Amino acid sequence: MADFKGTREAFAQAIIDLAQNNDKIMFVSPDSLKAMRATKFAELYPDQYVEVGIAEQAAVATAAGLAATGCTPFVGTYAGFMTMRACEQMRTFVAYPELNVKFVGINSGLLGGEREGVTHQFYEDLGILSNIPNFTIFTPADGPQTYHAVKAAAEVDGPVYVRAGSGREADVYEKDVPFSMDGIRILKEYGDDVLLLSSGFVLDRVLKAAELLKEQGVGVTVGDINIINPKDPSKVIEAIKKAKRIVTVEDHNVNGGMGAYISRLVVENDPKPVKRMGLTTFGESGPAKELADHYGLSPENIAKTVKEM
């Protein structure tokens, strides 16, 4: 595994590594080669790279055709341009026939809007895809986990969406830690007062909040939710049943994302209080860390919310 920094670079390295031993791996680009940091892939494997121009719907349709012939195509571009502009194609031409197409959506969440603001911040993608049957949805927390998530996606039979970021996300995991197909990884166990669940690129903030809470005498267990609506949520339900109450933290709208997914599992399996932390409005332009703090996702505010609960 070569060195890389950020989720985009992680995707590019993963698809290069996959293509080394598999000529069925394809990258379909809707004018996103540079945005996906995949220029090297196109140079190394020109016959496995398809450029369709600024046409996300055409990219998805092209990938569906490639999958129908036995290839494993990856479509990569900005998360919203894919899940919103090409939503119908993802639903009808990939998910409905359960074709083996993989999608990697970058700039997801609030943290990617430093230069572009709302038009390039996407905190609705999980809510959209959660309503489409047959999708497997991966939400890796950082670059190293994105690398392993992309490689894991290639092993899943059927449509997969991998949520990636902007390059401003903090690395938490060591590079050799595999992507957990359990849908959850417990990272800290300081007590069962609160199960504190993170999804996506706020995991570093959630872990800092856990340390603050420990100092204040609140025992929390921290879990990284890395798959939304998995076929087998038994490990997540197991963690839910051990906790007295639950707080979810995500760089996504509170509706339709990880908090909604966890709330459903709680109601259906072991009812108890759940507090969802995430976005309730549109974002705005600004440095990633300042935006996260402004919208209530600072370690201090996470700890405060947990303690108040």
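Just so it is clear, the model here is predicted, and its values are computed rather than measured. Each residue takes its place number in the sequence, starting with 1. What you see below is based on every heavy atom in this structure, not just the backbone, and it leaves out hydrogens, waters and symmetry mates.
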K.L.:
Show your reasoning for whether side-chain hydrogen bond (donor to acceptor under 3.5 Å, both in side chains) applies to T221 and E189.
P.N.:
CA-CA 4 Å; T221 292; E189 291 186 86; 4.9 Å; no

K.L.:
Donor-acceptor pairs under 3.5 angstrom involving side-chain atoms of residues 136-145: please list them, not counting sequence neighbours.
P.N.:
from	atom 1	to	atom 2	distance (Å)
T139	OG1	S199	OG	3.3
T139	OG1	I225	O	3.1
T139	OG1	N226	O	3.4
D142	OD1	Q145	N	2.9
D142	OD2	V172	N	2.6
D142	OD2	Y173	N	2.7
Q145	NE2	V177	O	3.0

K.L.:
Indicate every side-chain donor-acceptor pair of residues 152-162 with a distance under 3.5 Å to a residue at least two apart or in another chain.
P.N.:
from	atom 1	to	atom 2	distance (Å)
Y161	OH	D125	OD2	2.7

K.L.:
Do other residues, nucleotides or ligands put more than 12 heavy atoms under 6.0 Å from K151 NZ?
P.N.:
yes

K.L.:
Could you tell me if the side chain of L291 sits less than 4.5 Å from the side chain of E284, heavy atoms only?
P.N.:
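Yes, close enough: below the 4.5 Å cut-off.
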
K.L.:
A quick test of your reading: do over 12 heavy atoms of other residues, nucleotides or ligands sit less than 6.0 Å from CG of L44?
P.N.:
yes

K.L.:
Tell me which donor-acceptor pairs under 3.5 Å the side chains of residues 77-88 have, and how far apart each pair is, sequence neighbours excluded?
P.N.:
from	atom 1	to	atom 2	distance (Å)
T83	OG1	A79	O	2.9
R85	NH1	E56	OE1	3.1
R85	NH1	E56	OE2	3.3

K.L.:
Any chain of hydrophobic side-chain contacts (each under 4.5 Å) joining V150 to Y147?
P.N.:
no

K.L.:
What heavy-atom pair brings R205 and D293 nearest, and what distance separates the two atoms?
P.N.:
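Scanning both residues, the minimum pair turns out to be NH1-OD1, 2.7 Å.
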
K.L.:
Are F93 and V60 close enough that some pair of their side-chain heavy atoms sits under 4.5 Å apart?
P.N.:
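No, every pair of side-chain atoms sits at 4.5 Å or beyond.
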
K.L.:
Identify the two heavy atoms, one from V249 and one from M258, that lie closest to each other, and give their separation to 0.1 Å.
P.N.:
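Looks like O-CE, 3.5 Å.
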
K.L.:
Where the side chain of T69 meets the backbone of L66, is there a donor-acceptor pair that is under 3.5 Å apart?
P.N.:
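Indeed, once roles are kept as given, a pair shorter than 3.5 Å links the two residues.
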
K.L.:
Looking at R276, I want to see if its CZ is surrounded by more than 12 non-hydrogen atoms of other residues, nucleotides or ligands under 6.0 Å.
P.N.:
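Yes, CZ of R276 has more than 12 neighbouring heavy atoms, counting only those of other groups under 6.0 Å.
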
K.L.:
Does the ring center of F27 lie less than 6.0 Å from the ring center of F11?
P.N.:
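Yes, the ring centres sit under 6.0 Å apart.
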
K.L.:
Please check if the number of heavy atoms outside Q20 that lie under 6.0 Å from its CD is greater than 12.
P.N.:
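It does: Q20 CD has more than 12 such atoms within range.
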
K.L.:
Would a hydrophobic clustering, with Ile, Leu, Val, Met, Phe, Trp and Tyr connected at side-chain separations under 4.5 Å, put L196 with L212?
P.N.:
no

K.L.:
L197, V222: one ILVMFWY side-chain cluster at the under-4.5 Å cut-off?
P.N.:
no

